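In what follows, a single structure is set out as structure tokens and then discussed.
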Protein chains: 2
Amino acid sequence: MAEIDEIDHQVLRLLREDGRRTFSEMAAEIGLSVAAVKRRVDRLREIGVITGFTVRVDYAKLGWGIEAFTELRYPGTTPVAKIIRTATDVPEVQEVFTIAGDPDALIHVRVRDLSHLQQVIDRLRRAGDVTGTKTLLVLGSWTRDTGSATDTRSATDTGPAGEPGRRPPR
Amino acid sequence: MAEIDEIDHQVLRLLREDGRRTFSEMAAEIGLSVAAVKRRVDRLREIGVITGFTVRVDYAKLGWGIEAFTELRYPGTTPVAKIIRTATDVPEVQEVFTIAGDPDALIHVRVRDLSHLQQVIDRLRRAGDVTGTKTLLVLGSWTRDTGSATDTRSATDTGPAGEPGRRPPR
DNA sequence: GGTGAAATTTAATTGAC
DNA sequence: GTCAATTAAATTTCACC
């Protein structure tokens, strides 16, 4: 395993809070030179600790106000690759986790409203040889990165829900 | 609700893939001027669609190779605020989702190994008036942002599992 | 491993149209 | 929305501790 010291963790923490922090900003915060900070970020990317940068999006503001986790169960004969494929084929699926034991997979979905959620679950059930599902509807969430909480409920009335069957925005 | 057009969605898709894409890079991709792209990004931040930028980290490379979801159950009398607080107090907890129905919360944890996981679960059980837990151990995961899958077991990048799902939701 | 400074390149920003 | 000028930042390259 790579040797990561306290300063590296500090760099990662600063970038987790704001992935667009400049080197000079971080250098001032940490108490190192700009060149030293850049060398550390470069190294963290090289050894694969930093795999990239991304944007944080408020999906509720995009009309995707509902968030859910669906547990999927498959027959013992279903290969993992097929489980992943059937889930990732559904555009509303944001993340797929394959699980040891029961259930076999946990998928994170974002949808416009509850009828849309119903459609997505139906599609998942039909897609593979799914033997059972259980869906956990998210009411609110908290993330360590930002330390901020969101309330899903207030996001449900953000606008006209598309008709069932309309394709989700991208 | 804010009006988000196709180009805005294109900008968001590009930034989800790489949050450090430059305006000129995106301008070329989209077919607009640099200034026009910047104006859109500024607006998306102003109206709160873009809430920030962050770094993607391979936690396995930091020695936090084990990922799990724990379902928590509480007595009906426990207020939601307390549920969130008891979970966020545990540093290994990355995300907390409050759930409609059963269970009451789903929490995403990252730990070094299985005995560490055991400790975290024990701490969660003691922290509040938790009446029950069920932990789903993650073997592998896939994220739409990157379209790449990771295998928790070997902590190495297995690359895309096939070619599904990469197409953005429409 | 780190510093500091100068030169270069590249990107971000602003204002006129 | 474009385009051009300006400002700011990232990057490279030194010599050095």
Side-chain angles (χ1 to χ4, degrees), chain A residues 1-59 61-63 145-146 148 159 169-170, chain B residues 1-64 112 145-148 155 168 170:
Chain A
M1 189 193 309
E3 322 86 42
I4 308 293
D5 65 12
E6 255 316 299
I7 295 175
D8 289 321
H9 278 108
Q10 234 176 316
V11 168
L12 290 173
R13 185 179 56 77
L14 290 170
L15 287 177
R16 234 176 286 146
E17 286 171 11
D18 180 2
R20 282 196 162 182
R21 276 209 163 90
T22 63
F23 294 129
S24 54
E25 205 180 330
M26 290 191 284
E29 188 93 24
I30 296 171
L32 281 185
S33 69
V34 172
V37 173
K38 174 176 160 40
R39 223 176 301 164
R40 281 172 183 272
V41 173
D42 286 346
R43 179 173 156 274
L44 288 170
R45 297 188 77 153
E46 258 171 34
I47 64 180
V49 169
I50 291 177
T51 60
F53 295 86
T54 191
V55 66
R56 269 196 292 262
V57 173
D58 182 344
Y59 291 92
K61 289 232 168 81
L62 292 177
D145 273 5
T146 57
S148 67
R170 73 162 163 161
Chain B
M1 180 166 59
E3 293 140 39
I4 309 293
D5 66 11
E6 257 314 300
I7 294 175
D8 289 322
H9 279 107
Q10 231 177 319
V11 168
L12 290 172
R13 185 179 56 78
L14 290 171
L15 286 177
R16 262 164 58 191
E17 288 172 8
D18 180 1
R20 282 195 161 181
R21 275 212 164 87
T22 64
F23 295 130
S24 57
E25 206 180 331
M26 290 191 283
E29 188 92 24
I30 295 170
L32 282 183
S33 69
V34 172
V37 173
K38 174 177 161 40
R39 204 167 130 202
R40 282 172 181 271
V41 172
D42 286 347
R43 179 173 157 274
L44 288 170
R45 298 188 77 153
E46 259 171 32
I47 64 181
V49 169
I50 290 177
T51 60
F53 294 87
T54 191
V55 66
R56 269 196 292 262
V57 173
D58 182 344
Y59 291 92
K61 289 233 167 80
L62 292 176
W64 294 60
R112 287 187 298 276
D145 273 6
T146 57
S148 66
R170 278 192 164 262

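All figures in this text were calculated on a predicted structure; none of them were measured in a lab. Lettering of chains follows the sequences in order, A, B, ..., and the numbering in each one begins at 1.
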Between [atom2] of [N] and [atom1] of [X], the distance in whole Å:
| X | N | atom1 | atom2 | answer |
| --- | --- | --- | --- | --- |
| A:Asp8 | C:dG2 | CG | P | 9 Å |
| A:Ile30 | C:dG1 | CD1 | C1' | 15 Å |
| A:Glu6 | C:dG2 | CD | C1' | 18 Å |
| A:Met26 | D:dT11 | CE | P | 10 Å |
| A:Asp42 | D:dT11 | CG | P | 7 Å |
| A:Ile7 | C:dG2 | CD1 | P | 7 Å |
| B:Phe23 | D:dA4 | CZ | C1' | 18 Å |
| A:Leu32 | C:dG2 | CG | C1' | 8 Å |

Considering all heavy atoms, the nearest B:Val41-B:Leu15 contact: CG2-CD1, 4.3 Å

Phosphate-side-chain proximity, B:Lys38 and C:dT13, N/O vs OP1/OP2 below 4.0 Å: yes

Under 4.0 Å: is that the gap between some side-chain N or O of A:Arg40 and OP1 or OP2 of C:dG2? yes

Is there a side chain to side chain contact (heavy atoms under 4.5 Å, CB included) between A:Leu44 and A:Ile4? Walk through the geometry before answering. CA-CA 9 Å; A:Leu44 288 170; A:Ile4 308 293; 3.8 Å; yes

If you count heavy atoms of other groups shown closer than 6.0 angstrom to CZ of B:Arg39, is the number above 12? no

Counting any heavy atom closer than 4.0 Å, what does B:Ala35 reach on the DNA or RNA strands: base, sugar-phosphate only, or nothing? base

Once you round to the nearest 0.5 Å, how far does CD of B:Gln10 lie from CG of B:Asp5? 9.5 Å

Donor-acceptor pair under 3.5 Å: do we get one between B:Arg39's side chain and the base of D:dG1? yes

Has [X] got a side-chain atom pairing as donor or acceptor with [Y]'s backbone, closer than 3.5 angstrom?
| X | Y | answer |
| --- | --- | --- |
| B:Thr54 | A:Arg16 | yes |
| A:Arg21 | A:Leu14 | yes |
| A:Arg56 | A:Asp18 | no |

From the options C:dT13, C:dT3, C:dA12, select the nucleotide whose nearest atom is closest to the side chain of B:Thr22. C:dA12

Taking pairs as Watson-Crick (N1-N3 plus N6-O4 or O6-N4) or G-U wobble (N1-O2 and O6-N3), each distance under 3.5 Å, the stems of three or more consecutive pairs with DNA chain D are C:1-17 with D:1-17

